[in-house]
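Heads up: the structure comes next, in structure tokens.
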Amino acid sequence: MRLLLDTHLLLWAAGEPARLSSRARELLNDSRNQLMFSPASLWEVAIKRGLPRDDFQADPRLLRRGLVDNDYAELPITAEHAIAVDGLPPIHKDPFDRMLVAQSMVEGITLLTVDAIVARYPGPVRLV
């Protein structure tokens, strides 16, 4: 199964694996799953790193390198993804999360999230 990880899951998998739920760990460790990340997550880290937030202190360059080195596939953002954001219900206002939802819907990829609000979107979104 192809799994797109939200930004917090990527950060936790890369630097704080103890924060992952047992279900998330199970899915990430299952070799049958193809793990994916979006440039939207790296963009979010790059922007929020400069804010006074403890949860976004990773270097986006090192994060990307670590993901690629650990066989995560990069899911490019396309015009179709950007347009799909326009059709999303106004459940969540965060533009990064909305892009991840749009990507998962357009591509038919399961989005794994730790955000209960994001998990309210219809489609292939799973709270872990």
Side-chain angles (χ1 to χ4, degrees):
M1 173 174 24
R2 295 185 306 161
L3 302 173
L4 178 62
L5 279 67
D6 78 359
T7 307
H8 277 100
L9 280 173
L10 289 174
L11 289 169
W12 295 350
E16 299 180 79
R19 295 190 68 177
L20 296 169
S21 70
S22 60
R23 181 64 182 139
R25 272 195 296 280
E26 181 181 316
L27 289 165
L28 298 183
N29 291 326
D30 186 337
S31 62
R32 296 171 295 182
N33 292 332
Q34 179 184 12
L35 305 178
M36 306 183 83
F37 70 95
S38 171
S41 291
L42 299 177
W43 182 27
E44 180 176 15
V45 169
I47 288 173
K48 292 183 178 177
R49 183 177 187 211
L51 302 175
R53 292 183 60 154
D54 292 335
D55 56 342
F56 284 93
Q57 292 307 304
D59 180 322
R61 293 165 207 76
L62 295 177
L63 177 58
R64 183 184 183 280
R65 173 58 31 220
L67 293 169
V68 170
D69 287 349
N70 284 285
D71 297 322
Y72 283 67
E74 184 172 336
L75 177 62
I77 296 172
T78 67
E80 187 176 6
H81 299 150
I83 292 166
V85 170
D86 185 52
L88 293 177
I91 295 171
H92 201 296
K93 294 182 183 191
D94 185 286
F96 305 107
D97 288 327
R98 290 175 61 80
M99 177 54 73
L100 295 175
V101 170
Q103 285 184 287
S104 73
M105 289 178 163
V106 168
E107 301 298 331
I109 297 170
T110 300
L111 173 62
L112 298 181
T113 184
V114 296
D115 187 327
I117 297 172
V118 171
R120 291 179 21 208
Y121 278 99
V125 182
R126 183 184 296 177
L127 183 65
V128 292

Suppose the criterion is ring pair (Phe, Tyr, Trp, His ring centres under 6.0 Å): which pairs have a residue in residues 84-115, not counting sequence neighbours? Trp43-Phe96
Let me check something: do Leu127 and Trp12 share a hydrophobic cluster, defined by ILVMFWY side-chain heavy atoms less than 4.5 Å apart, either directly or through other members? no
What residues, two or more places apart in sequence or in another chain, satisfy salt bridge (charged side-chain N to carboxylate O under 4.0 Å, His left out) together with Arg25? none
Those residues at least two apart in sequence (or on a different chain) that pass ring-ring contact (aromatic ring centres under 6.0 Å, His included) with Tyr72 are none
Ser104: side chain to side chain donor-acceptor pair (under 3.5 Å) partners, not counting sequence neighbours: none
Are the side chains of Ser38 and Ile77 in contact, using a 4.5 Å heavy-atom criterion? yes
Residues Leu111, Val118; criterion side chain to side chain contact (heavy atoms under 4.5 Å, CB included); working and verdict: CA-CA 9 Å; Leu111 173 62; Val118 171; 4.1 Å; yes
Spacing of Met36 atom CE and Ser41 atom OG [to the nearest 0.5 Å]: 12.0 Å
Restricting to pairs with a member in residues 30-43, which pass salt bridge (Lys or Arg N to Asp or Glu O under 4.0 Å), not counting sequence neighbours? Asp30-Arg32
Taking salt bridge (charged side-chain N to carboxylate O under 4.0 Å, His left out) as the definition, give me every residue that meets it alongside Glu80, ordered by chain and number, with sequence neighbours left out. none
Which residues pass the side-chain contact (heavy atoms from CB on, under 4.5 Å) test with Arg98, not counting sequence neighbours? Val85, Leu88, Tyr121
Report the residues that fulfil salt bridge (charged side-chain N to carboxylate O under 4.0 Å, His left out) with Asp69, sequence neighbours left out, ordered by chain and then residue number. Arg65
List the atom of Gln103, the atom of Pro76, and the distance in Å for their closest heavy-atom pair. NE2-O, 3.3 Å
Would you say the side chain of Thr7 lies within less than 4.5 Å of the side chain of Phe37, judging by non-hydrogen atoms? no
Nearest non-hydrogen partners of Leu9 and Thr113, listed with the distance: CD1-N, 3.8 Å
Yes or no on side chain to side chain contact (heavy atoms under 4.5 Å, CB included) for Asp115 and Asp97, after CA distance, side-chain angles and deciding distance? CA-CA 9 Å; Asp115 187 327; Asp97 288 327; 4.0 Å; yes
About how many Å separate CG of Asn70 and CG of Leu35, when rounded to the nearest 0.5 Å? 9.5 Å
Close side-chain approach of Glu74 and Arg64, heavy atoms under 4.5 Å: yes
Arg2: partners by salt bridge (charged side-chain N to carboxylate O under 4.0 Å, His left out), with sequence neighbours left out: none
Residues in side-chain contact (heavy atoms from CB on, under 4.5 Å) contact with Leu63, at least two apart in sequence or another chain: Leu11, Ala14, Leu42, Val45, Leu67
Determine the minimum heavy-atom distance between Met99 and Ala40, stating which atoms define it. CG-CB, 4.0 Å
Listed partners of Arg126 passing side-chain contact (heavy atoms from CB on, under 4.5 Å), at least two apart: Met1, Arg23, Leu27, Thr110, Leu112, Val128
Value for CG (Leu4) from CD (Glu107), rounded to nearest 0.5 Å, stands at 9.5 Å
Over all atoms of both residues, closest heavy-atom pair of Arg49 and Ala58: CD-O, 3.3 Å
Can you tell me how far CE of Met105 sits from CG of Leu100, rounded to the nearest 0.5 angstrom? 12.0 Å
From CA spacing to verdict: side chain to side chain contact (heavy atoms under 4.5 Å, CB included), Leu75, Ile109: CA-CA 10 Å; Leu75 177 62; Ile109 297 170; 3.9 Å; yes
Not counting sequence neighbours, which residues clear side-chain contact (heavy atoms from CB on, under 4.5 Å) with Ile83? List them please. none
Quick check on the hydrophobic clustering: are Val114 and Ile117 connected, directly or via other members, by side-chain heavy-atom contacts under 4.5 Å? no
